[in-house]
Amino acid sequence: MMLIDEDLEEKLCCEFFDESCKCVKNCMADLKIVSYLKWYNINAHLCLNVRSFAHLGDIYNGRSAVDLDSCVKKLYQTVGNKEKSPDIGQKLIAFIAGHATEDYKNLTNGHDLCNALSLYVNAHDGITSKEEISKLVRAAYSLSKFRSTHLFRDINNWEQSNGKQVLKRG
C-alpha cells in the first residue's frame, strides 16, 4: 500500500478520531501474517485461494493482530488449500524469518488495509465501511504524488508497450 503517507494517515485519523493516532500503521502491523501469507503464496507458486481473506472480520477484530493459527484456519476453510500445502504454518514461519521487514507499506495489500481500517475504526467507537475508507483514501491522495510513484511509471510503460490506456487522462 505504497500510496499511504503521513499526510494521508493524519487525514484518516482526523476524520474518525479526536486526536492524532497511528491507525494505518497499527492496521498494517495487525495484518502482518495475512500479508506475509499472500506474499509467500506468490513467491512459492502455491496457487492457494486467498479470496476468503476479503472477509477479514472473521479473523480481525480491529483491536488485536491476526494470529498465525486463525490465519491458517481461515485459509484451510477454502476447498483445496489444505491439500496444496498441509504444513503452511511452519513454512510461513520460515518464510517470515527469511524475509522479515518492517516496510508494511510494501507488504500490505490495499484492499486488505481498507477492510482492516473499517474494522479498526468500528472497534474504536467509530462507524464506517470498507467502501467509505476506500473513498477517503482515494480522495486524500494527490494525483501529483501518484505521478511520482514507480507504480505510475510502470503503468505508463505498460500502456505504451501494449497500446492500451488504463489511467484516465485529462
Side-chain angles (χ1 to χ4, degrees), residues 1-5 8-9 12-13 15-17 21-138 140-141 146 149-151 154-155 158 166:
M1 187 69 206
M2 285 299 294
L3 303 180
I4 294 291
D5 62 7
L8 180 56
E9 182 166 45
L12 283 170
C13 290
E15 182 72 24
F16 296 107
F17 303 102
C21 66
K22 299 292 181 197
C23 61
V24 175
K25 289 181 180 110
N26 291 345
C27 284
M28 287 190 283
D30 288 350
L31 293 181
K32 181 171 68 172
I33 293 291
V34 173
S35 300
Y36 272 111
L37 171 66
K38 289 183 173 186
W39 183 16
Y40 177 62
N41 186 37
I42 293 166
N43 189 281
H45 308 287
L46 297 177
C47 300
L48 298 170
N49 183 342
V50 294
R51 287 190 193 118
S52 65
F53 288 98
H55 306 287
L56 285 174
D58 298 342
I59 58 172
Y60 181 60
N61 63 9
R63 293 192 180 275
S64 56
V66 175
D67 64 83
L68 179 64
D69 291 338
S70 298
C71 188
V72 170
K73 182 179 177 184
K74 178 130 179 103
L75 180 72
Y76 285 166
Q77 288 174 346
T78 302
V79 174
N81 281 346
K82 190 167 188 173
E83 293 75 17
K84 288 179 186 176
S85 189
D87 54 352
I88 190 76
Q90 295 167 348
K91 290 180 179 179
L92 186 57
I93 290 169
F95 181 78
I96 293 170
H99 296 82
T101 182
E102 295 296 316
D103 186 4
Y104 297 137
K105 289 180 186 179
N106 274 312
L107 184 62
T108 309
N109 172 289
H111 296 283
D112 290 343
L113 179 61
C114 288
N115 192 351
L117 279 167
S118 69
L119 294 166
Y120 183 92
V121 169
N122 289 333
H124 293 85
D125 299 324
I127 297 174
T128 190
S129 66
K130 177 184 172 188
E131 292 76 19
E132 186 177 351
I133 295 287
S134 296
K135 286 177 187 174
L136 284 169
V137 168
R138 285 190 294 275
Y141 192 77
F146 178 59
T149 65
H150 293 290
L151 175 62
D154 293 346
I155 292 172
W158 184 89
V166 174

(request) Output the distance between atom OG (S70) and atom CG (L56), rounded to the nearest 0.5 Å. (result) 11.5 Å
(request) Give a yes or no answer on whether the side chain of K84 reaches the backbone of C47 with a donor-acceptor pair at less than 3.5 Å. (result) yes
(request) Indicate yes or no: at least one non-hydrogen side-chain atom of V50 is less than 4.5 angstrom from one of L75. (result) yes
(message) Working to the nearest 0.5 angstrom, can you tell me the gap between Y60 OH and C27 SG?
(response) 4.0 Å
(request) Kindly write out the residues that satisfy side chain to side chain donor-acceptor pair (under 3.5 Å) with N41, not counting sequence neighbours, or none if the list is empty. (result) none
(request) Rounded to the nearest 0.5 Å, what's the gap from CG on N122 to CZ on R63? Could you check? (result) 10.5 Å
(request) Measure up the Y40 and F95 rings against each other and bin them: parallel (under 30°), tilted (30 to 60°), perpendicular (over 60°). (result) tilted
(message) Just to verify, which of L107, V66, L37, N115 counts as forming a side chain to side chain contact (heavy atoms under 4.5 Å, CB included) with L31?
(response) V66
(request) Decide side chain to side chain contact (heavy atoms under 4.5 Å, CB included) for I88 and L48; before the verdict, give the C-alpha distance in whole Å, the side-chain angles of both, and the deciding distance to 0.1 Å. (result) CA-CA 10 Å; I88 190 76; L48 298 170; 4.0 Å; yes
(message) Do L119 and N61 make a side-chain contact, defined as non-hydrogen atoms from C-beta onward lying under 4.5 Å apart?
(response) no
(message) Is the shortest side-chain heavy-atom distance between K32 and I96 below 4.5 Å?
(response) no
(request) Could you walk me through whether V34 and D112 pass side chain to side chain contact (heavy atoms under 4.5 Å, CB included), step by step? (result) CA-CA 9 Å; V34 173; D112 290 343; 4.0 Å; yes
(message) For a 4.5 angstrom cut-off between non-hydrogen side-chain atoms, does S64 reach D30?
(response) no
(request) Measure the spacing between CG of N43 and NZ of K38 and express it to the nearest 0.5 Å. (result) 16.0 Å
(message) Rounded to the nearest 0.5 Å, what separates atom CE in M28 from atom CG in D103?
(response) 9.0 Å
(request) For the residue pair I59 and F53, establish whether any side-chain heavy-atom pair is separated by less than 4.5 Å. (result) yes
(message) Quick check for you: to the nearest 0.5 Å, what is the distance between S85 atom OG and K91 atom NZ?
(response) 4.5 Å
(request) Can you tell me which residue pairs pass the salt bridge (Lys or Arg N to Asp or Glu O under 4.0 Å) test with a partner in residues 64-75, sequence neighbours excluded? (result) D58-K74
(message) Determine whether S52 and Q77 satisfy the following criterion, side chain to side chain contact (heavy atoms under 4.5 Å, CB included), listing intermediate values before the conclusion.
(response) CA-CA 8 Å; S52 65; Q77 288 174 346; 5.9 Å; no
